[in-house]
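Here's the structure we're looking at; comments come further down.
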Amino acid sequence: MKKLALNFGIVVVLACAIYAGPEQFSGKDKEVVQPAPPPCDWYRAHEWDLSIWGAYAFPADTGHHETLDDSSTLPVEISDAGNPNDVNQLINTGPASRDRLLNGDEAGGGGVDIKYFWSRYFGIGLEGFALGSHNPVAAGLATLTLRYPIGCSRFAPYIFGGGGVVGGGSHTDHFFHERGDENEPLEIFTDNRVNNNDISAIGQFGGGLEIRVTRHIGVMSDFTWNFVGNDDSDFGMVRGGLTFGF
């Protein structure tokens, strides 16, 4: 009897093993390990960014600039040189430059900036640029940048602001002088391009977009508005160039 029970137990164990074997190793229950997603490192913390860009600048008062060469004259004949109303009207309606920095409707140039991002989103930097106005304008600033990488994409819009110093540029002074007696015509002389030799404060804010072509090279484009510590000297600037991330 004991032998029969032992044989029956062995048969039950073998049957269970045979039944469980195909289920345990079947393709239906086999666990598939998915590969890890690629790291999101188009924009990284502790990253140094070097940007080189070209610039197009325009003053706040575009359209109000003298374009005559140095020491040029505007001869104007007045029937009655002694009439102050005629003189005042001529002076008030004649060409005038209210821009005291670029002294023109536009200026081209370029610059460079370097930033350190202590996180993916915040960075501090130094910026320098030069503009080719009648008398070149040059500036240096310290900046703070907030960028926002969109998910794991290559796109990162950003805003920034800063402050520093600017020098150079020019402005136009006008004056009139009456020659001879009252019967001779009045001539108005203009002295264009008076060089600005002072160093002024400059503040800047703006925003733009960077697109990474590779994890270390990108293209950037932005717009800045610049406030200068002299009257009638503010200007806007459109910039575009390359960024190298390390």
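Quick note: numbers below take in every heavy atom, side chains included, and nothing from hydrogens, waters or symmetry partners. Position 1 is the first residue of the sequence; numbering continues from there.
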Next on the checklist: Quick one, Leu144 with Phe160, criterion side chain to side chain contact (heavy atoms under 4.5 Å, CB included). Give me CA distance, side-chain angles, the key distance, then yes/no.
Outcome noted: CA-CA 6 Å; Leu144 174 66; Phe160 59 95; over 6 Å; no
Checklist entry - Which heavy atom of Glu210 sits nearest a heavy atom of Gly218, and at what distance? => result OE2-CA, 4.4 Å
Item to check | Hydrophobic cluster membership, Tyr116 vs Ile52, 4.5 Å side-chain cutoff | outcome: yes
Item to check | Residue pair Tyr43, Arg215: steps toward the side chain to side chain contact (heavy atoms under 4.5 Å, CB included) verdict | outcome: CA-CA 7 Å; Tyr43 301 91; Arg215 284 176 170 78; over 6 Å; no
Next on the checklist: Tell me if a side-chain donor or acceptor on Asp113 pairs with a main-chain N or O of Leu126 at a distance below 3.5 Å.
Outcome noted: no
Next on the checklist: Under 4.5 Å between side-chain heavy atoms, counting indirect links through other Ile/Leu/Val/Met/Phe/Trp/Tyr residues: same cluster for Leu50 and Trp118 or not?
Outcome noted: yes
Item to check | Verdict with supporting geometry, Asn135 and Asn103, side chain to side chain contact (heavy atoms under 4.5 Å, CB included) | outcome: CA-CA 9 Å; Asn135 189 44; Asn103 201 18; over 6 Å; no
Item to check | Nearest non-hydrogen partners of Ser233 and Val228, listed with the distance | outcome: O-CG2, 3.4 Å
Item to check | Nearest heavy atoms of Val137 and Gly168, plus distance in Å | outcome: CG2-C, 4.3 Å
Checklist entry - Do Ile114 and Ile124 sit in the same hydrophobic cluster, where Ile, Leu, Val, Met, Phe, Trp and Tyr count as joined when their side-chain heavy atoms come under 4.5 Å apart? => result yes
Checklist entry - Tell me, do Asp234 and Asn226 make a side-chain contact under 4.5 Å, heavy atoms counted? => result no
Which atom pairs, one a donor and one an acceptor, fall under 3.5 Å between side chains of residues 196-203 and the rest of the protein, sequence neighbours left out?
residue	atom	partner	partner atom	Å
Asn196	OD1	His171	ND1	2.6
Asn196	ND2	Arg100	O	2.5
Ser200	OG	Asn230	ND2	2.7

Next on the checklist: Which heavy atom of Pro157 sits nearest to which heavy atom of Leu209, and what is that distance?
Outcome noted: N-CD1, 3.6 Å
Next on the checklist: A cation-pi test, strictly: NZ or CZ of Arg147 under 6.0 Å from the centre of the six-membered ring of Phe117 and no more than 45 degrees from its axis. Yes or no?
Outcome noted: yes
Checklist entry - Is the NZ or CZ atom of Arg212 both under 6.0 Å from the centre of the six-membered ring of Trp42 and within 45° of that ring's axis? => result no
Item to check | Whether Phe129 and Trp53 hold their rings parallel, tilted or perpendicular, with breakpoints at 30° and 60° | outcome: tilted
Checklist entry - Is there a chain of hydrophobic side chains (I, L, V, M, F, W, Y, each step under 4.5 Å between heavy atoms) that links Met220 to Ile150? => result no
Item to check | Partner set under side-chain contact (heavy atoms from CB on, under 4.5 Å) for Tyr121, not counting sequence neighbours | outcome: Ser119, Leu146, Tyr148, Pro149
Checklist entry - What distance do Lys115 atom NZ and Phe122 atom CZ have between them, rounded to the nearest 0.5 Å? => result 14.5 Å
Next on the checklist: Whether the Thr224 and Asp222 side chains hold a donor-acceptor pair (N or O, under 3.5 Å, no angle test) is what I'd like checked.
Outcome noted: no
Next on the checklist: Tell me whether the rings of Phe223 and Trp225 are parallel (<30°), tilted (30 to 60°) or perpendicular (>60°).
Outcome noted: tilted
Item to check | Atom pair CD/CD of Gln204 and Glu127 - distance to nearest 0.5 Å | outcome: 4.0 Å
Checklist outcome for this item: Tightest non-hydrogen contact, residues Arg154 and Thr214, listed as NH1-N, 4.4 Å
Item to check | Over 12 foreign heavy atoms within 6.0 Å of CD1, Ile211 | outcome: yes
Checklist outcome for this item: Interatomic distance, NE2@His216 vs CZ@Phe244, rounded to 0.5 Å, equals 12.5 Å
Checklist entry - Do you know the tightest heavy-atom contact between Pro59 and Glu106? => result CD-N, 4.3 Å
Next on the checklist: Classify the ring geometry of Tyr56 against Phe58: parallel below 30°, tilted from 30° to 60°, perpendicular beyond 60°.
Outcome noted: tilted
